[in-house]
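Written out below as structure tokens is the structure these notes cover.
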Amino acid sequence: MAIATTSVQRGPMTLRDWGQLLLLGAIWGGSFFFARIAVAEMHPLVLVLFRVAIAAIALQLHLAICGPSFRLAFPHAGLFFLLALANNVVPFSLIFAGQTALGAGVASVLNATTPFWTLILANALTSDEKLSWNKLAGIGLGIAGTAVMIGPGLLAGLGGPVWAKFALIGASLSYAVALMIARRFKGVPSPVIATGQLTASTIIMIPVVLFTYGPAGLFSASPPVWAAVLALALLSTAFAYILYFNLVASAGATNASLVTLIVPASAILLGLLFLGERLALFEFCGMALIAFGLVTIDGRLFGRR
């Protein structure tokens, strides 16, 4: 797949970029917490539908009141459906399915492998985000961390089922593809991109859910679950995606993918405080390797030394 890119080399992220990155990481960490609550009563595909539909409605209202016009999305309709599949439908479905068997902390740590897949794709498909020694080392550390997270489960069945962990890895690969697609929206405002992909995701998910489950029982969840769904849709999706596409535009796909360094810490803290979750020792070791890999990719710590 050919990706339209500029030839300008990305520099270090600005203070504003880091601020957006930290805020986005905290918000997306909360998404694993909210999802863990919701999947207790709601099927993963139904949760995907409500997440994207509520977020799409909220953003459509935002554009209608504050602008810019959603008509800016019409010339890119086909690309929006492609982005919807790679950035919402596939990864949300895999994450929610995995979270029926995994805690918020473990799920977020496995999601932290996204930058490593992004680096590989960016090197192959773009001209302005090439691999360097620190990025290669970071990829190696990230893959090692992923192996530590999954390997003991393969051998001893610890820390949740292996299929659930591979579902999270699949979601990370899908997100990496989505970051490459997002680069093609040159000149399209971030709120329009966020609204377009979520609207396309809703159009995809409505027939999927109705054909699979029918309309009966779709709204039967308890009030606490609906509160988690609303938080997931409005805070961790609608608002978060505006931040996300701003970050892709200003800092590049690879730097934007570093948000997953912050996500596990946020998700683990919420899981420990409110869900009584605990991580196994090998999962802490895997998380540490993944985090060190992300720091290595950024490169500034070693550059200063």
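Not measured: the values here are computed from a predicted model. Quick note: residue numbers are just sequence positions, from 1.
Scanning all heavy atoms of the two residues, the minimum distance from I242 to L59 falls at CD1-CD2, 3.7 Å. When all heavy atoms of A164 and A101 are compared, the pair lying nearest together is CB-CB, 4.1 Å. Here the shortest heavy-atom pairing between A200 and A84 reads CB-CB, 3.7 Å. Closest approach of F245 to L83, counting heavy atoms only: CZ-CD2, 3.9 Å. Counting all heavy atoms, side chain and backbone alike, A171 lies closest to L94 at N-CD1, 3.6 Å. Residues P68 and V192 come closest through the heavy atom pair CG-CG2, 3.6 Å.
Separation of atoms OG (S201) and CG (N87) is listed at 8.0 Å; rounding is to 0.5 Å. The distance from atom CZ of R184 to atom CG of L82, rounded to the nearest 0.5 Å, is 8.5 Å. Interatomic distance, CH2 of W28 versus CG of L243, reported as 8.5 Å (0.5 Å rounding). Rounded to the nearest 0.5 Å, atoms CG (L234) and CZ (F34) are 10.5 Å apart. Distance check, rounded to the nearest 0.5 Å: CE of M205 to CG of L198 gives 12.5 Å. Summarising the geometry, atom CG belonging to L247 is positioned 5.5 Å from atom CG belonging to L21; distances are rounded to the nearest 0.5 Å.
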- Start with the C-alpha gap between L230 and L235, add the side-chain angles, then the distance that decides, and say whether side-chain contact (heavy atoms from CB on, under 4.5 Å) holds. CA-CA 8 Å; L230 289 174; L235 178 62; over 6 Å; no
- Intermediate values then yes/no, ring pair (Phe, Tyr, Trp, His ring centres under 6.0 Å), F185 and F80: CA-CA 9 Å; F185 289 95; F80 272 118; 4.6 Å; yes
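The backbone N or O of A97 lies less than 3.5 Å from a partner atom in the side chain of T100, making a donor-acceptor pair. In terms of modelled atom types and a separation under 3.5 Å, the side chain of R51 and the main chain of V229 share no donor-acceptor contact. Side-chain atoms of E41 come within 3.5 Å of backbone atoms of S222 as a donor-acceptor pair (strictly under, hydrogens ignored).
Linking Ile, Leu, Val, Met, Phe, Trp and Tyr residues whenever their side-chain heavy atoms come within less than 4.5 Å places V39 and M42 in a single cluster. Both I204 and L79 sit in one connected hydrophobic cluster of ILVMFWY residues. Membership requires side-chain heavy atoms under 4.5 Å apart, directly or through other members. Grouping the Ile, Leu, Val, Met, Phe, Trp and Tyr side chains by contacts below 4.5 angstrom, directly or via other members, places I37 with L232. Cluster membership check: I169 does not share its hydrophobic cluster with W163, using side-chain heavy-atom separations under 4.5 Å among Ile, Leu, Val, Met, Phe, Trp and Tyr. Note on V90: it does not cluster hydrophobically with F81, by side-chain heavy-atom contacts below 4.5 Å among ILVMFWY residues.
Residues S250 and Q20 have side chains in contact (heavy-atom distance under 4.5 Å, counting atoms from C-beta outward). T237 is not listed as a side-chain neighbour of S31, based on a closest heavy-atom distance of 4.5 Å or more.
Between Y175 and F92, the ring planes are perpendicular. Angles over 60° get that label, and only those under 30° would be called parallel. In this pair, Y213 and H43 present their aromatic rings tilted. The plane angle is within the 30 to 60° band.
For Y244 and F239, the gap between ring centers reaches or exceeds 6.0 Å.
Residues meeting the side-chain hydrogen bond (donor to acceptor under 3.5 Å, both in side chains) test with T202, sequence neighbours left out: none. Looking at residues two or more places apart in sequence or on another chain, you find a side chain to side chain contact (heavy atoms under 4.5 Å, CB included) between L61 and I57.
T195 and Q60 share no donor-acceptor pair across their side chains, judged by distance under 3.5 Å alone. Inspection of the Y241 and N88 side chains reveals an N or O donor paired with an N or O acceptor under 3.5 Å.
Counting heavy atoms of neighbouring residues, nucleotides and ligands inside a 6.0 Å radius, atom CZ of F211 does not exceed 12 of them.
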